[in-house]
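Chain letters run A, B, ... following the sequence lines, proteins first, then strands; residues in each count from 1.
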Protein chains: 2
Amino acid sequence: MSILGHNEPCIPLFCLAARQMAYTYTHPRPALTVDCVVFGFDAQTTLQVLLIQRKLTPYQGEWALPGGFVRLAESLEAAARRELREETGVEDVFLEQLYTFGQPDRDPRDRVVSVAYYALISLAGHPLQARTDAQDTAWFALDAVPPLAFDHHQILQAAIARLRGKVRYEPIGFELLPEKFTLTQLQKLYETILDQPLDKRNFRNKLLRMDLLVALDETQTGVAHRAARLYKFEPQRYEQLKQQGFNFEL
Amino acid sequence: MSILGHNEPCIPLFCLAARQMAYTYTHPRPALTVDCVVFGFDAQTTLQVLLIQRKLTPYQGEWALPGGFVRLAESLEAAARRELREETGVEDVFLEQLYTFGQPDRDPRDRVVSVAYYALISLAGHPLQARTDAQDTAWFALDAVPPLAFDHHQILQAAIARLRGKVRYEPIGFELLPEKFTLTQLQKLYETILDQPLDKRNFRNKLLRMDLLVALDETQTGVAHRAARLYKFEPQRYEQLKQQGFNFEL
DNA sequence: TCAAAAGTGTTGACGGTACACCCATGT
DNA sequence: ACATGGGTGTACCGTCAACACTTTTGA
């Protein structure tokens with residue numbers, strides 16, 4: 001646990017650290033962290049964010065985005081993935097850089113610049129994760145997010161805006177669904193993210209016309225009504241179409 | 001001039017620097033810089049980037065993006081604007097954060113993370129700038145960019161991709177033109193950025209239908225043929241329409 | 001008078017939107 | 001048998017794409 005309250009085992013790389021000492025005098029450096037906005041979706045509930053409760057001051061006891069210091073020998077994305085794994089158990093997810101936040105006063109103690117990432121995962125896949133036992137990690141529906149530490153509320157808003165924008169012209173929505181899903185689940189996902197109702201027939205026609213989904217020979221199970229057909233998104237098919245000038249758009 | 005070869009007067013903030021010393025041991029910090037991709041356009045020529053020639057090792061004598069260290073008390077954007085002013089004389093321009101580059105080996109000497117920005121300016125407005133006298137600052141057409149230092153080529157490519165994407169759904173193209181411009185100049189700008197020919201009548205109809213431009217009672221001067229009407233982009237009008245659900249799109 | 005760019009409308013194709021009913025399944 | 005969501009087609013309308021000639025001006 002670091003002095004700044006982020007979770008990082010202390011394994012300094014001595015040669016790099018020594019080399020840096022000389023430079024530090026001429027150029028005092030901001031601290032560098034990564035923070036992750038993890039979105040989870042489940043057609044039974046809604047779109048949620050993963051938060052952790054801070055154990056250290058400042059903002060002790062408040063909720064915050066998972067994140068921590070960047071090590072000297074790892075890339076920014078690697079740092080984000082490591083923090084995500086260490087703090088929340090989340091692994092192997094869609095992860096993309098969002099924006100870098102660097103207002104001088106965003107951390108009350110020291111200058112800390114943070115590179116924010118956002119991640120997308122299916123809650124149906126990993127239902128509430130192994131970490132739910134830990135009292136300090138929890139999912140919050142987007143309309144019930146508690147006050148957040150630092151400028152994390154601003155980061156969250158930026159992530160929502162990015163997701164809303166990007167989901168319309170890149171097929172990233174599928175990252176929030178299990179591998180096999182129904183068209184109704186997909187529609188509910190889009191309605192939730194875009195915050196507007198969509199017409200069922202138009203939605204289905206449009207998506208199927210794109211030729212990105214393969215219909216499986218399977219149906220939903222465990223529902224108290226007619227079981228819906230399951231579909232799968234084909235990333236390779238998308239790459240192929242994209243090279244032929246196809247543009248995903250919804 | 002810093003040991004890392006970026007241009008920054010050495011004015012350490014001693015109290016912050018001292019406070020940081022204690023943390024440095026537990027958390028050796030990457031150095032943090034900003035780099036700027038400055039795009040300039042002129043309907044007589046084409047889309048260009050502003051580069052500076054490095055005077056220090058490494059990559060001595062090679063071309064690079066303007067940039068330098070972030071100071072402890074300034075925001076990232078302020079650092080980008082300061083470096084731009086100090087190194088190239090460019091001021092008061094459209095500037096937006098692009099992406100943060102942090103591969104551990106992107107600087108051969110030390111870990112340096114760089115927050116990249118891109119800027120848009122009209123060359124007709126500031127024709128080749130006061131700095132053209134300086135031998136170490138120059139504009140390069142995008143299809144004639146020399147080899148660049150560090151990973152600056154990658155940064156440039158990312159900036160081009162961003163510009164190409166964004167120009168289609170936000171009216172940022174006007175930042176590359178003088179305040180008063182002709183529709184032909186605007187069309188040439190879009191053709192250059194999107195790298196495809198556009199139909200003159202369709203282009204004009206579509207833009208004028210958007211109701212974002214005001215026709216001025218002035219025409220071009222100094223051309224050896226019929227002078228074209230001048231137009232002006234109205235940012236307030238855009239904000240107003242946006243709130244009514246209007247989406248710029250080309 | 002010539003060269004060079006400005007300016008202007010119509011048509012056909014396509015995709016978006018709006019809209020309502022029957023079907024399959026589990027309880 | 002009933003409740004719940006699954007699944008399907010068409011008609012209208014607006015927007016995009018293709019396309020060529022006349023006008024103005026300066027040299």
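Using a 4.0 Å cut-off on heavy atoms, the residues of residues 179-191 of chain A that approach DNA chain D are A:T184, listed by number. Residues from residues 224-232 of chain B that place a heavy atom under 4.0 Å from any atom of DNA chain C, listed by number: B:H225, B:R226, B:A228, B:R229.
Test B:L123, B:I193, B:L177 against B:F41 for side-chain contact (heavy atoms from CB on, under 4.5 Å) and you get one pass: B:L177.
Distance check, rounded to the nearest 0.5 Å: CG of A:L156 to CH2 of A:W63 gives 14.0 Å. Atom OG1 of A:T100 and atom CG of A:L76 lie 7.5 Å apart (nearest 0.5 Å).
B:R85 and B:E91 are joined by a salt bridge, as a carboxylate oxygen and a charged side-chain nitrogen come within less than 4.0 angstrom of each other. Between B:K242 and B:E239, at least one side-chain nitrogen of the basic residue sits less than 4.0 Å from a carboxylate oxygen of the acidic one, meeting the salt-bridge criterion.
Contact of the B:V115 side chain with the A:V115 side chain is not registered, since no non-hydrogen atoms from C-beta on lie closer than 4.5 Å. Between B:W139 and B:V49 there is no side-chain heavy-atom pair separated by less than 4.5 Å. B:Q220 places none of its side-chain heavy atoms less than 4.5 Å from the side chain of B:T184. Side-chain contact between A:C36 and A:T88 is absent, with no heavy-atom pair separated by less than 4.5 Å.
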Detail all sub-3.5 Å separations between protein N/O atoms and N/O atoms belonging to nucleotides 18-22 of chain C.
| from | atom 1 | to | atom 2 | distance (Å) |
| --- | --- | --- | --- | --- |
| C:dA18 | N7 | A:N202 | ND2 | 2.9 |
| C:dA18 | N6 | A:N202 | OD1 | 3.0 |
| C:dC19 | N4 | A:D199 | OD2 | 3.4 |
| C:dA20 | N1 | A:R201 | NH1 | 3.3 |

